[in-house]
Protein chains: 2
Amino acid sequence: MTKPTHHHKDYYAPEEKLYVATDNIIFGFDEGVLKLLLFKRRVEPFKGTMSLIGSFVHPDESAPNAAKRVLREITGLDDIFMEELKSYSAVERDPGARCISIAFYALIRIEESNKALVEKHGAIWHEVNSLPDLVLDHGQMVTDALGRLREKAQFYPIGVELLPKKFTIPQLQKLYEAIYQRDIDTRNFRKKLLSLNLLIPLDEKDMSGSKKGAYLYKFNYSKYKKLETKGFNFSLFKT
Amino acid sequence: MTKPTHHHKDYYAPEEKLYVATDNIIFGFDEGVLKLLLFKRRVEPFKGTMSLIGSFVHPDESAPNAAKRVLREITGLDDIFMEELKSYSAVERDPGARCISIAFYALIRIEESNKALVEKHGAIWHEVNSLPDLVLDHGQMVTDALGRLREKAQFYPIGVELLPKKFTIPQLQKLYEAIYQRDIDTRNFRKKLLSLNLLIPLDEKDMSGSKKGAYLYKFNYSKYKKLETKGFNFSLFKT
DNA sequence: TCAAAAGTGTTCTCCTTACACCCATGA
DNA sequence: TCATGGGTGTAAGGAGAACACTTTTGA
């Protein structure tokens, strides 16, 4: 089963190899609720159990590329916010074989995904607050990913990756309330947010949420890129 | 070369396996300088080049355990602060074979390490500020680890892992100045630090640094454990 | 006209920052 | 006695947190 690779020689021959997989924790935000893309495992053991979406890392691709490949196959999306979470390598984690998994979490805009493709793959959006039992250590991965999301969102405005490109401030607030499972004061939220000068106000309103309508904004990515390198404080509240 | 494992059956047979290694970024603090434990690579390719210390992950151990095993072999130390940094899996990262590496960084007290053992393994402490070129992507790993150390030390008092169990406040300040490469105001540093109530003052002085001597403190681990679960703000300065 | 969500300012408190001198001691 | 590092306090500014009412408009 060994495909040829670019490597001319295997210098490490007596060492043992392991299966290397990736698993993706794919977050989305819809109807004011934080969701996760799951599907039914298609291979034994535990075929049919709810599972994260993953793949083995092939010899000709890096782990992040394997994760991106899977994300593209399922959602049709490219160019997505994705970060490595951590690796999972307990000896007994997978009864199917000795296999380590490198978990990645991704933030996507559900409405930009190819819904037919998602459905074709049998993938389903589940509310984060009422997840089914997941196969192997995938439940732990989700817990870890949620922790990381909360940590990260406190210092980086990654929330915008989950919203449409044009979004309203009340939408963003609802997202943060979903991530942190707490209410946030509207006035303080707006003040903090607008003081960062990272939102570009548009001359459009979103009328879907209320009669009055809420102004739409775009995220100022280029300005953010510049700030990011120096680091800055996006924190919304004290611990 | 396949040793028997506990796995009765390999469910994933047609997939390909990869070599999985760990590399350790081992930080120490000595004479006011942040240091890193390096040694000369002992295997081809690039035998003799300066390298981090690593090992392949064996079938009967997890990646963190492989990293801890190596740390124990080299330094004699157990029960060390160690965290996963990230994985490195570029296809061409290692000309020796397709091999991914999971990097861990560790903080140790140099004076508690077994110096004879360290020497026997040919390991050498290098100042972080003047590192030689490292093999493969190990230079990138060090850069990433330094970034993570800075991030982490801002919110968690992990610095104490690098100091003797009894330490003085000026020592701790010098450590933070080494980590962040900047001067810190003595009065503000002490005020912030003591306000956390995580240091237990001892009735001893360390006379080695000055004629006057500086009071020694212990870190209050049990109190820290309690606080950690709720999260708290150790930040020493604003970004 | 009313229900429902959007939008807006001020005060208090606490944390961060900037800043300069005395203390204890061994040499 | 003096050189060296250890140790201390205060004032000003800024950010977070608490808090309630007006605006808009479709139904």
Side-chain angles (χ1 to χ4, degrees), chain A residues 31-33 150 153-155 157 163-164 166-178 180 182-217 227 231-239, chain B residues 31-33 153-155 157 163-164 166-178 180 182-217 227 230-239:
Chain A
E31 296 164 350
V33 179
R150 292 194 180 113
Q154 216 173 111
F155 297 105
L163 294 178
K166 296 176 179 180
F167 55 88
T168 68
I169 293 183
Q171 277 177 329
L172 191 56
Q173 181 174 342
K174 282 192 196 76
L175 169 59
Y176 274 88
E177 289 176 335
Y180 292 105
R182 66 155 98 170
D183 290 340
I184 299 174
D185 181 89
T186 312
R187 286 161 291 186
N188 293 341
F189 185 79
R190 295 182 92 93
K191 200 190 321 165
K192 171 76 185 183
L193 205 58
L194 294 171
S195 75
L196 296 171
N197 278 315
L198 284 172
L199 299 189
I200 302 168
L202 304 174
D203 271 338
E204 284 175 80
K205 278 191 164 187
D206 169 43
M207 303 304 292
S208 66
S210 69
K211 293 158 186 166
K212 186 179 178 184
Y215 280 106
L216 285 161
Y217 292 82
L227 287 173
F232 72 110
N233 189 7
F234 180 66
S235 170
L236 286 174
F237 41 78
K238 301 212 168 181
T239 56
Chain B
E31 295 165 351
V33 179
Q154 216 174 110
F155 298 105
L163 294 177
K166 296 176 179 181
F167 57 86
T168 68
I169 293 184
Q171 277 176 329
L172 191 55
Q173 182 175 341
K174 282 195 195 75
L175 169 59
Y176 274 86
E177 289 176 336
Y180 292 104
R182 66 154 97 170
D183 290 340
I184 299 175
D185 181 89
T186 311
R187 287 162 291 189
N188 293 341
F189 185 79
R190 296 182 92 93
K191 201 189 322 165
K192 170 77 185 182
L193 206 57
L194 294 171
S195 75
L196 297 172
N197 278 315
L198 284 172
L199 299 189
I200 302 167
L202 304 175
D203 271 338
E204 283 175 81
K205 277 192 163 186
D206 169 42
M207 304 304 293
S208 67
S210 70
K211 293 158 188 167
K212 185 178 179 182
Y215 280 107
L216 287 161
Y217 293 81
L227 288 174
K230 317 188 233 173
F232 72 110
N233 188 6
F234 181 67
S235 170
L236 286 174
F237 38 76
K238 303 213 167 178
T239 54

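Each chain gets a letter, A, B and so on, in the order the sequences are listed, and its residues count up from 1.
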Query raised in the report: Rounded to whole angstrom units, what separation is found between the CD1 atom of A/I184 and the P atom of D/dG16?
Result: 13 Å

Report task. For B/L202, enumerate each residue passing the side-chain contact (heavy atoms from CB on, under 4.5 Å) test, keeping only those at least two apart in sequence or located in another chain. Result -> B/K166, B/E204, B/L216, B/K218

Query raised in the report: Think A/K192 has a side-chain N or O under 4.0 angstrom from the OP1 or OP2 of D/dA15?
Result: no

Query raised in the report: Quick one: side-chain contact (heavy atoms from CB on, under 4.5 Å) partners of A/R187, sequence neighbours excluded?
Result: A/D185

Report summary line: Protein-proximity profile, nucleotides 3-12 of chain C, B/S/- by nucleotide at the 4.0 Å heavy-atom cutoff, equals B-BBSBBB--

Report task. Using the test side-chain hydrogen bond (donor to acceptor under 3.5 Å, both in side chains), find all partners of A/S195 that sit at least two apart in sequence or belong to another chain. Result -> none

Report summary line: The side-chain hydrogen bond (donor to acceptor under 3.5 Å, both in side chains) partners of B/Q173 (sequence neighbours excluded) come to B/E177

Report summary line: Quick note, salt bridge (charged side-chain N to carboxylate O under 4.0 Å, His left out) partners involving residues 208-217 of chain A, not counting sequence neighbours, are none

